[in-house]
Visitor: 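I'd like to ask some things about the structure below.
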Amino acid sequence: MNPDHLDQIVAEISGEMAQRVDRGEVASYIPELAGVDPQRFGLVVIDANGHVAAGGDADVPFSIQSISKVFTLTLALGKSGDRVWRRVGREPSGSAFNSIVQLERERGIPRNPFINAGAIAVTDLILSGHLPREALGEILRFMQFLAGDSSIVIDEAVAASEQRTGFRNAALANYMKSFGVLDNPVEYTLGVYFHHCAIAMSCRQLAMAGRFLAHNGRNPSTGHNVVSTQRARRINALMLTCGHYDGSGEFAYRVGLPGKSGVGGGVLAVAPGKASIAVWSPGLDAAGNSHLGRIALEALTKRLGWSIFGV
Ligand code: GLN
C-alpha cells in the first residue's frame with residue numbers, strides 16, 4: 001500500500017464525514033457522555049509498515065467504553081486460557097448489549113465476551129486474586145504498553161457517572177452472581193468494569209493498541225509478541241461475529257472487517273495483515289454503534305478493497 005494513497009483516502013473520508021448531517025444520537029444513559037460534541041470525527045489507519053494515516057480529530061481522547069472488552073478478553077485469556085470459556089460463550093447474541101432476558105434462559109452464562117454481561121464475567125476473572133485497584137492498574141498498563149503511550153488515563157468523571165447510574169449492569173452482575181458465575185463481590189467487579197470502560201484514548205492511541213490483532217499477535221514495529229497467532233485469529237473471529245451486538249451482521253455485510261464498537265462512538269477495526277484502524281464519531285445508531293464510524297469504515301474498505309470477504 002502506497003502511504004500517499006492511504007493518506008489521501010483517509011483525508012477524503014474525513015472530509016466527507018465532516019459534511020454529513022446524519023450523525024446519529026450521542027449516548028445519554030451515561031450522563032457524562034451526553035455532553036460530547038456530535039460534530040467530532042476522527043480516523044486513523046496504521047499500515048503494516050507502521051505508517052500512520054490520520055484525519056479529523058485523530059488525537060482527541062474519547063471514552064473507549066466497550067472497545068476495552070477486546071483488551072480485557074486478551075488479558076483474561078492470558079491469565080486463564082480456555083477456562084474463560086466455562087464462564088462465557090462464543091456465539092453472537094442477537095440482542096442488545098445490555099439485555100437481561102437471555103441470561104435467564106441460559107442460566108447466567110453470557111453469550112459472548114463482548115456484550116455487557118460477558119465482559120463483566122471476564123472482568124471478574126481478571127480481578128480474582130487481586131484488589132480492584134491492582135486489576136485496574138493491570139488493565140490500564142496493558143493499554144499503555146500496547147499503544148506505546150504512558151499518558152493514557154481513566155476518565156474518572158465518566159467512571160463515576162456510570163457507577164451512579166449503572167443499574168442495568170448491576171442487575172446483570174447480581175443475576176450472574178446468583179448462578180455462581182462471578183467469584184468476587186459484585187461491587188468490586190462492577191467497579192473495575194466501569195473504570196476500564198472509562199479509559200480515554202484517541203484514535204491514534206487505539207489504532208496503535210490494536211496492531212497486534214492485525215499482525216498475527218505481534219506488533220510489527222516493536223517486535224513484541226502480545227498473543228499467539230491462533231489467539232489473535234480467534235479474537236478477530238469474535239470481533240467479527242459479536243463486536244457490534246445486534247448490528248454485527250450488518251457491520252460484516254457493509255464493512256467486512258472484525259471490529260469492536262463502544263457507546264462513546266469509537267470503533268476499532270482490524271484488516272488482517274494490512275492495518276489497524278480506529279474511528280470515532282460520537283453519534284450512535286439504533287443498535288448502539290457509531291453511525292458515521294460504520295459509514296466511514298464502509299467507505300474505507302470499499303475504496304481499498306480491504307473486506308476480508310473479497311474486493
Ligand atoms: N460501559 C458501557 C455499559 O456498560 C459500555 C457499553 C458499550 O460501550 N456498548 O453500558
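Ligands are counted one by one from 1 in listed order, and the atoms in each one are counted from 1 as well. Every heavy atom of this structure was used, including side-chain atoms; hydrogens, water molecules and symmetry mates were not.
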Visitor: Please collect all ring-ring contact (aromatic ring centres under 6.0 Å, His included) contacts where either partner lies in residues 248-300, sequence neighbours excluded, each pair once.
Guide: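 Every ring-ring contact (aromatic ring centres under 6.0 Å, His included) pair that includes a residue of residues 248-300, provided the two are not neighbours, is F62-W280, H244-F251.
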Visitor: Just wondering, do F142 and T72 contact through their side chains at under 4.5 Å, heavy atoms?
Guide: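 Side chain of T72 against side chain of F142, heavy atoms only: no contact under 4.5 Å found.
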Visitor: What side chain to side chain donor-acceptor pair (under 3.5 Å) pairs are there with at least one residue in residues 173-182, not counting sequence neighbours?
Guide: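 Checked against side chain to side chain donor-acceptor pair (under 3.5 Å) - neighbours excluded - no pair reaches residues 173-182.
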Visitor: Show the distances, to 0.1 Å, for all pairs joining an N/O atom of ligand 1 and a protein N/O atom that are shorter than 3.5 Å, listing one pair per line.
Guide:
{"from": "ligand 1", "atom 1": "1 (N)", "to": "Q65", "atom 2": "OE1", "distance (Å)": "2.5"}
{"from": "ligand 1", "atom 1": "1 (N)", "to": "E162", "atom 2": "OE1", "distance (Å)": "2.8"}
{"from": "ligand 1", "atom 1": "1 (N)", "to": "E162", "atom 2": "OE2", "distance (Å)": "2.8"}
{"from": "ligand 1", "atom 1": "4 (O)", "to": "N116", "atom 2": "ND2", "distance (Å)": "3.0"}
{"from": "ligand 1", "atom 1": "4 (O)", "to": "E162", "atom 2": "OE2", "distance (Å)": "3.0"}
{"from": "ligand 1", "atom 1": "4 (O)", "to": "N169", "atom 2": "ND2", "distance (Å)": "2.8"}
{"from": "ligand 1", "atom 1": "4 (O)", "to": "Y193", "atom 2": "OH", "distance (Å)": "2.6"}
{"from": "ligand 1", "atom 1": "8 (O)", "to": "S66", "atom 2": "N", "distance (Å)": "3.1"}
{"from": "ligand 1", "atom 1": "8 (O)", "to": "S66", "atom 2": "OG", "distance (Å)": "2.6"}
{"from": "ligand 1", "atom 1": "8 (O)", "to": "V263", "atom 2": "N", "distance (Å)": "2.8"}
{"from": "ligand 1", "atom 1": "9 (N)", "to": "S66", "atom 2": "OG", "distance (Å)": "3.0"}
{"from": "ligand 1", "atom 1": "9 (N)", "to": "Y245", "atom 2": "OH", "distance (Å)": "2.8"}
{"from": "ligand 1", "atom 1": "10 (O)", "to": "Y29", "atom 2": "OH", "distance (Å)": "2.5"}
{"from": "ligand 1", "atom 1": "10 (O)", "to": "N116", "atom 2": "ND2", "distance (Å)": "3.2"}
{"from": "ligand 1", "atom 1": "10 (O)", "to": "E162", "atom 2": "OE2", "distance (Å)": "3.4"}

Visitor: Tell me the side chain to side chain donor-acceptor pair (under 3.5 Å) pairs involving residues 37-47, sequence neighbours left out?
Guide: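 Matches after skipping sequence neighbours: R40-D57.
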Visitor: Taking the ring centre of each residue, are F212 and H215 less than 6.0 Å apart?
Guide: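 Centroid distance F212-H215: not below 6.0 Å, so no.
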Visitor: Under 6.0 Å between the ring centres of H224 and F145?
Guide: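 Yes, close enough.
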